Structures are given as C-alpha cells and as structure tokens.
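The chains referred to below are lettered A, B, ... by the order of the sequence lines, with proteins before strands, and numbering in each begins at 1. Computed from a predicted structure; not experimentally measured. Only this structure's heavy atoms are used, side chains among them; waters, hydrogens and symmetry mates stay out.
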Amino acid sequence: MSKTLTTRNEDYAQWYNDLILKSGLADYSAVRGCMVIKPHGYALWENMRDVLDKMFKDTGHQNAYFPLFVPKSLFEAEEKNAEGFAKECAVVTHYRLKTDPNNKGKLIVDPEAKLEEELVVRPTSEAIIWNTYKGWIQSYRDLPLLINQWANVVRWEMRTRLFLRTAEFLWQEGHTAHATKEEAIIETKKMLDVYATFAEEYMAMPVIKGVKTANERFAGAEDTYCIEALMQDGKALQAGTSHFLGQNFAKAFDVKFMDKANKQEYVWATSWGVSTRLIGALVMAHSDDSGLILPPKLAPIQVVIIPIYKGDDTRSLINDKCANIIQQMQAKGIRVKLDADDSTRSGWKFAEYELKGVPVRIALGARDIENNKAEVARRDTKEKTSLPLDNLCEQIIDLLADIQTNIYNRALQFRDEHITPANTMDELIAILDGKAGFVSAHWDGTSETEEKIKELTKATIRCIPINNVEEAGTCILTGKPSIQRVLFARAY
RNA sequence: CGGGAAGUAGCGCAGGCCGGUAGCGCACUUGGUUUGGGACCAAGGGGUCGCAGGUUCGAAUCCUGUCUUCCCGACCA
C-alpha cells in the first residue's frame with residue numbers, strides 16, 4: 001500500500017486531507033458536506049470527550065439531552081441569534097415519503113404530509129433549551145442551573161473541510177442560568193479556563209484566551225470569549241468559545257425567577273462549546289510529514305509493541321516476553337497494543353503506526369531479549385533508543401510524559417515565535433504574507449476599521465487577549481488613538 | 001451561490017482525440033519462502049466504465065441531460 005503523504009511544504013491543505021484519510025481518522029461520505037468519523041478518529045474523540053466530561057462534572061454541571069428539531073417559532077424568538085444562523089439552517093418541511101406513481105421503486109415527498117410548522121435542525125440549542133428552562137426555573141433556589149449536552153448539530157456550510165467545517169458535527173454545549181450578572185460572567189470565564197486547561201494539558205496545544213470583537217461575537221451574546229490556537233501553517237483556529245448571554249435569552253423566552261426579596265427578575269445566561277473541530281486543531285498543531293503526532297494523554301493507542309521474528313525457534317520466547325510487557329503496562333493503565341500480525345512486515349508496521357500517531361513504539365526481537373533490552377522509538381522526535389527490559393514499564397511512563405511535554409513546548413515555541421508586532425499596514429501585510437501567525441497591532445475599536453482591514457488583508461481580529469497590557473498607540477489603519485494591541489491573523 | 005476539475009474493480013489511475021466484446025499498480029484470496037524501516041515467488045477472484053436518454057450494426061469512447069464529489073472564492077465553529 002502506498003500511503004505516502006503530500007508534504008506540508010508542497011501543499012499544506014492537501015497534506016491535511018491526506019493525513020486525515022490515510023491515518024484512518026475519517027472518511028468522506030455519500031452525504032454532501034458530511035464525513036464519517038472512523039474508529040481511530042472516534043476513539044480520539046471519546047478520549048477528549050471523557051476528559052472534558054469529567055471537567056464539566058467537577059465544576060458542577062450535569063448532562064441532559066434536548067431535541068434535534070426546533071420549531072421555527074421557537075427558533076426565531078431570540079432575533080439576533082436566529083438571524084445569525086438563518087442562512088445555514090437545514091429545515092424539515094415534511095414528515096412522510098410515498099412511492100412515486102410515475103416511477104416505480106422510487107420515492108417522492110408526499111405533498112399531503114407537509115408540516116404545519118417547519119422544524120429547524122438545530123445549529124445550536126439555545127432556543128429549545130431556554131424554552132425548556134422557562135418551566136424549570138421559578139425561584140432563586142432553582143439557580144444556578146448548570147447543564148451540558150453532548151450532541152450533533154447541523155450548519156449548512158457551503159464549503160466543508162474534514163473536522164474543521166462539516167455540515168454536521170459533534171460537540172458539547174453548556175447552557176447555564178444564574179441569578180446575577182456577576183455569577184454568569186464568572187461562569188463564562190470559568191468554562192473558558194476549563195477549555196484552555198484542556199487544550200494545553202491534554203491536547204498539548206497552547207492557546208490564547210481572549211474576547212471577540214463585536215464582528216466576531218456569537219449572535220445573541222453580550223460577550224464571546226474564545227481560545228485561539230495557531231496551526232503550523234501560521235493560520236489561527238478558534239478552538240473553543242464561551243459566551244456571556246446577558247438576559248437576551250431570558251427575555252426572549254420569558255425565563256424569570258423570584259429573588260430573595262420576592263421580586264421577579266430575568267435570569268442571566270451563559271453558553272459554551274467545543275466540537276470535533278478540536279481534532280482538526282490537534283492534527284494541525286503537532287503532526288509532521290510522516291503522519292499524526294498525538295499527545296499521549298489522548299492517543300487511543302499509547303504504545304505499540306512489534307515483535308521481530310527471525311525463524312521459528314525464538315518465536316515463542318518473543319511472544320512470551322511481549323505478553324509479559326503488555327500485562328505489566330495494562331496494570332499501569334497504559335493503552336498498549338501488540339501487533340504480531342504475520343502478514344505485514346515490521347517496516348510496514350513502523351510506517352503505519354507513525355502515520356496513526358502512536359506516541360511510543362517498542363520493537364522486540366531475539367537479539368533484544370538476549371541483551372535484555374528493547375528498541376524504543378518515540379513518535380515526536382523519531383529518536384530510537386535501546387532501553388533495558390527490567391523496568392521498561394516505568395521508563396515508558398516517563399517517556400510518555402516527556403513526549404506530552406515536548407510536543408507542548410514545541411508548539412508553544414512555534415506559537416510565541418509567531419506573535420509579531422506591526423505598526424503599519426505595510427508591516428501587517430508583510431507579516432501575514434511572510435511568516436504568518438498572529439500579528440499584534442493597534443486598532444481603533446470600530447467595526448468599520450476591522451471590516452476594512454479584513455477586506456485589505458483577509459485577516460480578522462482573532463481576539464483581544466484577556467489581561468492584555470494597556471499601551472497607548474494609534475490605529476494601524478486610521479491613525480486614531482488606541483489603548484491596546486489586538487491579535488490579527490488569517491484563520492480557519 | 002460563482003469559477004475550475006473529476007466520476008472506469010476496494011483505492012490510485014490508463015484507455016477516450018481515432019467507436020469493435022475493459023487494462024495497469026496497490027489492495028484482496030490460496031500456497032510457499034520471509035520478518036531489525038513500507039518483502040518476494042506462484043496461482044487466483046473481482047468492473048452492466050456515476051445515472052438517464054440519443055447517434056450507430058456496435059458506445060467506457062461521440063452528443064444531450066442529470067446526479068455526485070473534490071479544489072479555489074464569498075459565508076462560518
């Protein structure tokens with residue numbers, strides 16, 4: 001099987017597509033804009049999901065599930081939100097098919113079965129959730145209400161890209177209700193921190209926490225916070241968002257509570273989400289021309305053991321040793337796989353597991369056993385070393401931790417080297433066209449200026465970093481006064 | 001929604017201009033030899049050439065329509 005990838009230098013976009021397909025993360029499907037997540041990709045998502053789910057529960061949230069369909073009248077209740085999503089909604093108009101009288105064996109939509117009210121396939125669930133919350137919240141004693149749901153959503157995108165932008169995707173959406181504005185803002189920021197922690201500690205992907213400008217804000221939110229990551233081609237990627245929704249949805253859906261002073265008040269809301277897009281981010285943050293590089297904490301397989309047979313006489317000796325190592329590793333909770341398949345040779349396996357991003361590979365042959373050693377290769381640097389078998393398990397645990405740290409540091413260094421200040425439009429354009437990455441520049445704070453810069457450069461303001469240093473300056477485009485630099489980048 | 005490209009075996013492609021009973025590589029099956037960086041030998045199996053019409057004695061090939069997918073733009077997590 002020829003599974004060579006297009007290199008990143010040749011064509012970054014093609015490299016990404018090749019990698020996703022050939023590493024077995026996902027596949028195209030017969031449905032326009034929709035992909036199939038294959039077992040390797042889904043296992044990765046399950047690991048991400050499990051970690052996040054625990055983090056949500058540790059911060060007091062509970063899971064629930066709301067319907068896929070939203071009646072149009074509910075959907076349009078919060079106007080800004082509805083308008084924001086209107087152009088990309090799939091809509092169910094009928095509930096039945098029938099056989100085509102003019103074309104045997106074919107089906108047509110039954111015109112008799114038109115729905116009285118169209119159903120919108122959720123692009124996000126605020127509407128149905130807030131409609132439900134109305135019935136759940138009467139008193140301040142019912143607050144805060146901290147709910148998360150794991151679900152699929154549909155956004156009818158014109159152009160799709162595996163994991164980064166597909167018509168249907170998997171995500172989680174948290175929806176919380178609070179008695180006070182302050183508490184809702186704290187929740188918004190807390191969940192942003194959860195995302196940042198997850199990205200950095202588990203995905204080994206450094207992120208910048210920030211606030212979106214009005215242009216980039218979630219429709220219906222007062223403030224949108226985000227984590228922005230930088231990909232190896234110098235493009236930014238929004239990896240997660242957390243919204244302070246104010247009382248917009250409470251007012252639209254009439255969700256009030258009685259406070260301690262016996263007064264009716266609207267509740268304060270947040271919502272926050274991350275999606276399977278994180279898989280795309282993970283791929284582009286670390287991987288190389290040989291394949292995926294997965295962080296050990298999330299890798300579906302952390303260690304693969306490949307026996308090297310030579311003749312039949314040492315076969316059972318090697319098998320016994322492998323079984324022994326696997327037993328020890330499993331006892332320590334390492335996700336380990338033995339590949340003793342006789343129909344492919346070791347060289348093929350080496351390449352295959354590199355493609356799949358398995359962090360550590362152990363090759364074990366008669367020669368190693370004789371020397372009481374194993375050949376250990378780490379995926380991130382491709383270094384091979386010979387380690388003693390005696391306390392192999394402990395050494396591998398250390399190695400996995402080292403790989404996790406190393407790929408984070410590597411990505412961090414790349415990210416930090418790609419935050420460049422610019423003081424003129426020419427500088428901004430030169431950086432974007434050259435080294436790319438984030439560009440830190442002064443902006444006068446208006447949407448018009450942001451739009452204009454986007455037109456001129458195709459770069460958007462990714463965010464205003466949280467705890468940004470105040471620095472007096474003049475806007476890069478208009479020369480008007482500015483109090484701080486913001487981060488521009490071309491983005492996914 | 002605009003521009004481009006492509007649909008022939010599971011995957012990647014050739015054949016098409018010049019119509020004549022469908023081919024290559026990889027994968028797959030069986031047997032054997034192998035195994036420290038994508039093994040080799042031998043023998044096999046698999047396709048109504050995206051779909052629908054049309055031209056023709058005859059269509060993968062020519063014509064018309066249609067569907068789908070990918071890439072580039074505008075929109076988005």
What string of B, S and - do you get for nucleotides 66-77 of chain B 5' to 3' if you count protein non-hydrogen atoms under 4.0 Å? ---SSSSBBBBB
Spacing between I308(A) atom CD1 and A39(B) atom P, to the nearest angstrom: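 Computing the I308(A):CD1 to A39(B):P distance gives 12 Å.
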P atoms of G46(B) and G2(B), separation to the nearest Å: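 Comparing P positions in G46(B) and G2(B) gives a spacing of 44 Å.
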Does R8(A) pair with D18(A) as a salt bridge, N-O distance under 4.0 Å? no
Could you measure between the two C1' atoms, the one in G54(B) and the one in G73(B), and give it in whole Å? 37 Å
Between W272(A) and F56(A), what is the ring plane arrangement, given parallel below 30°, perpendicular above 60°, and tilted in between? tilted
Could you work out the separation of A43(B) and A52(B) based on their C1' atoms and round it to a whole Å? 41 Å
Could you write out RNA chain B as dot-bracket? Rules: Watson-Crick or G-U wobble, both distances under 3.5 Å, brackets [ ] for crossings, | for pairs with another strand, dot for unpaired. ((((((((.[[[[.)....(..]]]].((((((.....)))))).....[[[[[..)....]]]]])))))))....
Is it true that the side chains of S343(A) and D341(A) contain a donor and an acceptor less than 3.5 Å apart? yes
Roughly how many Å apart are G25(B) and A9(B), using the P atom of each and rounding to a whole number?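 Those two atoms are separated by 16 Å.
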Under the ring-ring contact (aromatic ring centres under 6.0 Å, His included) test, residues paired with W156(A) that sit two or more places apart: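 Partners of W156(A) under the ring-ring contact (aromatic ring centres under 6.0 Å, His included) test: none.
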Could you check whether D402(A) pairs with R378(A) (Lys NZ or Arg NE/NH1/NH2 to Asp/Glu carboxylate O, under 4.0 Å)? yes
Distance between P atoms of A60(B) and U21(B) (Å, rounded):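 Nearest-Å result for A60(B) against U21(B) at atom P: 10 Å.
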Between K349(A) and P307(A), which has a closest nucleotide on RNA chain B that is more 5'?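 So the residue in question is P307(A).
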Identify each atom pair where a protein N or O and an N or O of nucleotides 29-34 of chain B are less than 3.5 Å apart, giving names and distance.
none

Using a strict cut-off of less than 4.0 Å between a Lys/Arg side-chain nitrogen and an Asp/Glu carboxylate oxygen, indicate whether E352(A) and R361(A) qualify as a salt bridge. no
Rounded interatomic separation in angstrom, taking NZ from K22(A) and C1' from A27(B): 14 Å
Option passing side-chain contact (heavy atoms from CB on, under 4.5 Å) with Y225(A) (candidates D193(A), T241(A), I466(A)):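 The option that passes is I466(A).
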Criterion side-chain hydrogen bond (donor to acceptor under 3.5 Å, both in side chains) against S271(A), the qualifying member of E126(A), E173(A), H175(A):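 Answer after filtering E126(A), E173(A), H175(A): E126(A).
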How close or far is atom P of U35(B) from atom CZ of F350(A), stated in whole angstroms? 14 Å
Parallel, tilted or perpendicular for W130(A) and Y133(A), by the 30°/60° rule?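 Rings of W130(A) and Y133(A): perpendicular, over 60°.
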Given the P atoms of U66(B) and G3(B), what is the spacing between them in whole Å?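 Roughly 14 Å separates the two P atoms.
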Can you confirm whether the side chains of T124(A) and R122(A) place a donor and an acceptor under 3.5 Å from each other? no
Rounded to the nearest Å, what distance is computed from the CH2 atom of residue W348(A) to the P atom of nucleotide C26(B)? 15 Å
At a heavy-atom distance below 4.0 Å, what parts of residues 362-392 of chain A sit against RNA chain B?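 Correct list: A363(A), G365(A), A366(A), R367(A), D368(A), E375(A), K384(A).
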Value in whole Å for how far the P atom of A39(B) lies from CD1 of I306(A): 12 Å
P atom, G47(B) versus C1(B): distance in rounded Å? 38 Å
Looking just at side-chain N and O atoms, do T188(A) and S242(A) make a donor-acceptor pair shorter than 3.5 Å? no
Side-chain heavy-atom pair I461(A), N215(A) within 4.5 angstrom cut-off: no
Say we look at C62(B) and C18(B): how far apart would their P atoms be, to the nearest angstrom? 9 Å
Can you list the steps and then say if F163(A) with W45(A) is a ring-ring contact (aromatic ring centres under 6.0 Å, His included)? CA-CA 11 Å; F163(A) 286 115; W45(A) 176 240; 9.0 Å; no
Residue pairs fulfilling ring-ring contact (aromatic ring centres under 6.0 Å, His included) with at least one residue in residues 285-326 of chain A, sequence neighbours excluded: none
